[in-house]
Amino acid sequence: MRYTLHVNGRRHNVDVDSDTPLLWVLRDTINLKGTKFGCGIGLCGACTVHLDGAPARACLTAISDVGNKAVTTIEGIGATPIGARLQKAWLDIDVVQCGYCQPGQIMSAAALLANGKTPSDGEIDAVMNGNICRCGTYNRIRIAIKQAAQSDFGTAPNKRKGA
Amino acid sequence: MQDMHLSRTSSAADARPGGASRRDFLKVSAAAGGGLLLSFELPSIANAATGAHATLNAYVRIAPDNTVTITAKNPEIGQGVMTMLPMLIAEELDVDWKQVRIEQALADHRVYGRQVAGGSMATPLEWDPMRQAGAVARAMLVNAAARRWKVKAEDCVTAHGEVTHTASGRKLTYGALAAAAAKLPVPDLGSVKLKDPKDYTIIGHSVPGYESPKLVKGEPLFGIDMVVPGMLYGVFTKCPVFGGSVVRANLDVIRKLPGVRHAFVVEGGSDLAGLMPGVAIVADSWWQAAKAQRQLEVKWDEGATREQSSEGFARQAAALGAKAPAHSLRHDGDAAAALKGAAHVVEASYHYPFLAHAPLEPMNCTAHARGGKVEIWAPTQNPEPGRALVARTLGIDERNVTIHFRRSGGGFGRRLMNDYMVEAAWLSEIARAPVKLVWNRTDDIQHDFYRPAGWHFLKGGLDASGKLIAWQQHFVSFGRNGQIAPSAGMESTIFPAGRVANLSMGYSLIPFGVPTGPLRAPGSNALAFVFQSFLDELAHAAGKDPLAFQIDLLGKDEVLPGRGPGFNTARARGVLEKVREVSGWGGRRLPSRAGAGVAFYYSHLGYFAEVVEVAVAADGQVKVNKVWAVGDIGSQVINPTAADNMVHGAILDGLAEALNQKITIENGHVVESNFDTFSPLLLKQAPPIEVHFIKSNHSPTGLGEPPLPPAIPALCNAIFAATGKRIRTLPIDPAMLKA
Ligand code: FES
Ligand code: FES
């Protein structure tokens, strides 16, 4: 089947089976490898993307269900102010260990911060709990999200744990 | 880099421990593009753990624009080694970190020596050689400047990638000197002076992960992201019962499915770590291959282990535990007699389950076999055994196997094995095309090399004063043909051995057919739970504070036999005393059903003591409120930000094992299949963690593993403090903790 996808502001025409998960269309057809495969059944969040700004698990989203929705992936999120702030915070806090979960973490965090407010600890826990980090970078993820949410972030000097 | 000439130390025997004592080979040649290219041949320091020696090479390239390219020799799996080892070279080279570019080496032990991500060994093995590598390069650049200025080398200093003649103030960048330096004789490795640690500008300063700017943008660095032109995608289905073989499969049906190019039976062998029997499907896309896999019907010959089960193993363990150990490990004094005469005897049996690794990136590998050669792109922790396995299985020479490292989305020991590598090579060979093999999560969890389960039957005796006078331990583990299975052994030197006058340890083996292997802090991740929990039981039975009880038992400062240089009781006491201080041990009033526990462990040459504070809800759910960790890994914490991150990760890994994880064998196969039944720690479960280091006067050692083992018993001991219930079986069962 032929589908037209809008990914990170670009149009892609693809020809794949209708049940193909968006994850594999992104990774193997469009060659955007940032969206990761971890579990394939909605348990780990490594495949998180945005559909019209709302977070979605790409492994559970069939290509036929994407329709006209704008798809944003980790490769495109840096073009949004929130995405750019999160990526900067991730680097300032030196969150990454292996890095495999981090695209999904940043995409979930970007959806969490979309309303412009600084999330409470409880809100962070509730929204981010579906994103597994096998390496255990959770405490730095929490710090980085809070840093990115602060309005003066980007001008204030950064402090890295262990520095 | 094709103009490089490598010389090798002639044999392992002439590479002496200590590093710099012999004339080393170091070749310099002009780099393509006109710069300095150094290839170092350095004898490695003694491998303290095994006594084995390995040769080492590192490459430094300096371009005219003063950028310095350093080759990272070891595979990166999230432990930060790709950043850390180049830091050592850059420090002694005396450059600014912002000048440094890092390139990942090819897998080639003939050039680079040991290239393994395992055993927390990179730091202890590379600490001296990498710094020497930088120092030699610096000396050559200084000599080049001194010649040009016709001054003495001693009158020149370096900083920020520049040489300065102190008296005249003249300066030249390394980039400007590199070509001339490349033509100079190489100074003797032993003659170059290493920096005084107080002058360090890179070591001991936080350097963020080198690849992180790419990773947060989703750039394709991992094994699973590999693309080779003309590549097909593979899945491989093995018998759910380990070692089972294929009788028949509906290949005709599979071959007709959309996108499927090849479907074939792989006869395989009987080596659980090699190419096993199974059915391969190779398709135009991974999704098509995976979809076809769902329609695959295979009649398996399940083989000899189809009856084995966790329950059956437990029954056998109980029967064996009731008897004397079949094999003896250690006897000090007379434990049986001392137990008879003891004022208190504590008896307990401990059990921990099989565990999977489940790194977030599932097993995968890309291979291209053609013309008797194979090129491989692998997220592996241990390429050389993979190379040998591929060569053996395909019947080609090892020299015809090229292995490129890809970043690993976690390793934890799983990628020390290379089963996925040989599968990818085989699929490519048969499909006559490059193939990317990607396992799904169920393949990954059900075909692992598991942390072996184990049972410990313990008796401890205290005298009337509460002193530990007797320790008797029967460890029931797994083996094949009388040999202990991989990662299923126990050392006889684990504390309190050596500090109990009457001690006996022995083991018995259950024969089995489950593949096992190292999981982060192998051995220790299970044994710390047993030893440090039972010591806590004994402390309580003695009516003593558990932390003070352990310090008392450590006794006078000395080095007891143990891993590497041995078990240093002073360092163990040091971390315990420090964690007492930073955690405010015993000084806080905690609400009911809250409590704190402590444990320490010596593993992988590092000492860690940890305090865990928990609250146990009325329904038995355990919430970890906070963890304090104190480590002693020697005189330097090379990269503090990465170290702190690694300690967090190891502790959370330990908590996951204690709270969440179990692999169950039933009818010969693994029951768990994905993260719903085998869960890493979730964010909600992750407590705040405070990390402290003691800088001791010992050479720096590794950090990937030693923080993990004490986390588990510290948690279980905290649960006892909170509820009076002793956790003797993992994972923790909330049902037994109900109010
Ligand atoms: S791969 Fe989609 S949630 Fe895990
Ligand atoms: S950084 Fe490795 S899984 Fe999160």
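First the proteins, then the strands, lettered A, B, ... as listed; each starts at 1.
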Participant: Can you say whether B:Tyr233 sits under 4.5 Å from chain A via the side chain, the backbone, both, or neither, judging by heavy atoms?
Facilitator: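 Contact with chain A is through the side chain of B:Tyr233 alone.
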
Participant: Counting only N and O atoms by type, is there a donor-acceptor contact under 3.5 Å from the side chain of A:Gln102 to the main-chain atoms of B:Val216?
Facilitator: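 Answer holds: no.
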
Participant: Does any heavy atom of chain A fall under 4.5 Å from the side chain of B:Met646, the backbone, both, or neither of them?
Facilitator: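 Both the backbone and the side chain of B:Met646 come within 4.5 Å of chain A.
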
Participant: Hey, are the side chains of A:Arg142 and B:Leu683 touching, using non-hydrogen atoms and a 4.5 Å cut-off?
Facilitator: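 A:Arg142 vs B:Leu683: side chains touch.
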
Participant: Give the C-alpha distance, both sets of side-chain angles, the deciding distance and a yes or no for side chain to side chain donor-acceptor pair (under 3.5 Å) between A:Asp28 and B:Ser285.
Facilitator: CA-CA 7 Å; A:Asp28 291 345; B:Ser285 77; over 6 Å; no

Participant: Given a strict heavy-atom distance threshold of 4.5 Å, which part of B:Val438 is in contact with chain A: side chain, backbone, both, or neither?
Facilitator: side chain

Participant: Between chain A and each of B:Asn674, B:Leu681, B:Leu215, B:Asn639, count heavy-atom pairs under 4.5 Å; write down the option with the most.
Facilitator: B:Asn674

Participant: Relative to the ring of B:Phe222, is the ring of A:Tyr100 parallel (under 30°), tilted (30 to 60°) or perpendicular (over 60°)?
Facilitator: perpendicular

Participant: Side chain, backbone, both or neither: which part of B:Lys291 has a non-hydrogen atom closer than 4.5 Å to chain A?
Facilitator: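 It is the side chain, since no backbone atom gets that close.
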
Participant: Under a 4.5 Å heavy-atom cutoff, which of A:Pro103, A:Cys39, A:Gly99 has the most pairs with chain B?
Facilitator: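 The answer is A:Cys39.
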
Participant: Go through A:Thr137, A:Ile74, A:Asn129, A:Asn139 and name the one with the most non-hydrogen pairs under 4.5 angstrom from chain B.
Facilitator: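 The candidate making the most pairs under 4.5 Å is A:Asn129.
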
Participant: Is chain A contacted by the side chain of B:Ser212, its backbone, both, or neither, given a heavy-atom distance below 4.5 Å?
Facilitator: both

Participant: Chain A heavy atoms under 4.5 Å from B:Leu682: which part of the residue, side chain, backbone, both or neither?
Facilitator: both

Participant: Measuring heavy-atom distances to chain A, does B:Val691 have an atom under 4.5 Å in its side chain, in its backbone, in both, or in neither?
Facilitator: neither

Participant: For the residue pair B:Leu360 and A:Lys36, establish whether any side-chain heavy-atom pair is separated by less than 4.5 Å.
Facilitator: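 Sidechains of A:Lys36 and B:Leu360: no contact.
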
Participant: Report yes or no: does B:Asn645 contribute a side-chain atom to a donor-acceptor pair with the main-chain N or O of A:Val95 at less than 3.5 Å?
Facilitator: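 Indeed, once roles are kept as given, a pair shorter than 3.5 Å links the two residues.
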
Participant: What part of A:Asp19 is in contact with chain B, defined as an atom under 4.5 angstrom from a non-hydrogen atom: side chain, backbone, both or neither?
Facilitator: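 For A:Asp19, the contact with chain B is made by backbone and side chain together.
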
Participant: Heavy-atom cut-off 4.5 Å, strictly under: side chain, backbone, both or neither for B:Pro213 against chain A?
Facilitator: both

Participant: Compare every heavy atom of B:Ser408 with every heavy atom of A:Cys98, then report the nearest pair and how far apart it is.
Facilitator: CB-O, 3.6 Å

Participant: If every non-hydrogen atom of A:Gly38 is compared with every non-hydrogen atom of B:Pro362, which pair is closest and at what distance?
Facilitator: O-CG, 4.2 Å

Participant: Can you check whether B:Ile224's main-chain N or O pairs, donor with acceptor, with A:Arg27's side chain at less than 3.5 Å?
Facilitator: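 Judged by distance alone, yes, a pair lies under 3.5 Å.
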
Participant: Does A:Asp94 use its side chain to pair, donor to acceptor, with the backbone of B:Thr641 at less than 3.5 Å?
Facilitator: no

Participant: Is B:Leu652 in contact with chain A via its backbone, its side chain, both, or neither, using a 4.5 Å heavy-atom distance?
Facilitator: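 For B:Leu652, the side chain is the part near chain A, not the backbone.
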
Participant: Using a cut-off of under 4.5 Å on heavy-atom pairs, state which of A:Ile41, A:Thr29, A:Thr35 scores highest against chain B.
Facilitator: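 Of the options given, most contacts go to A:Ile41.
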
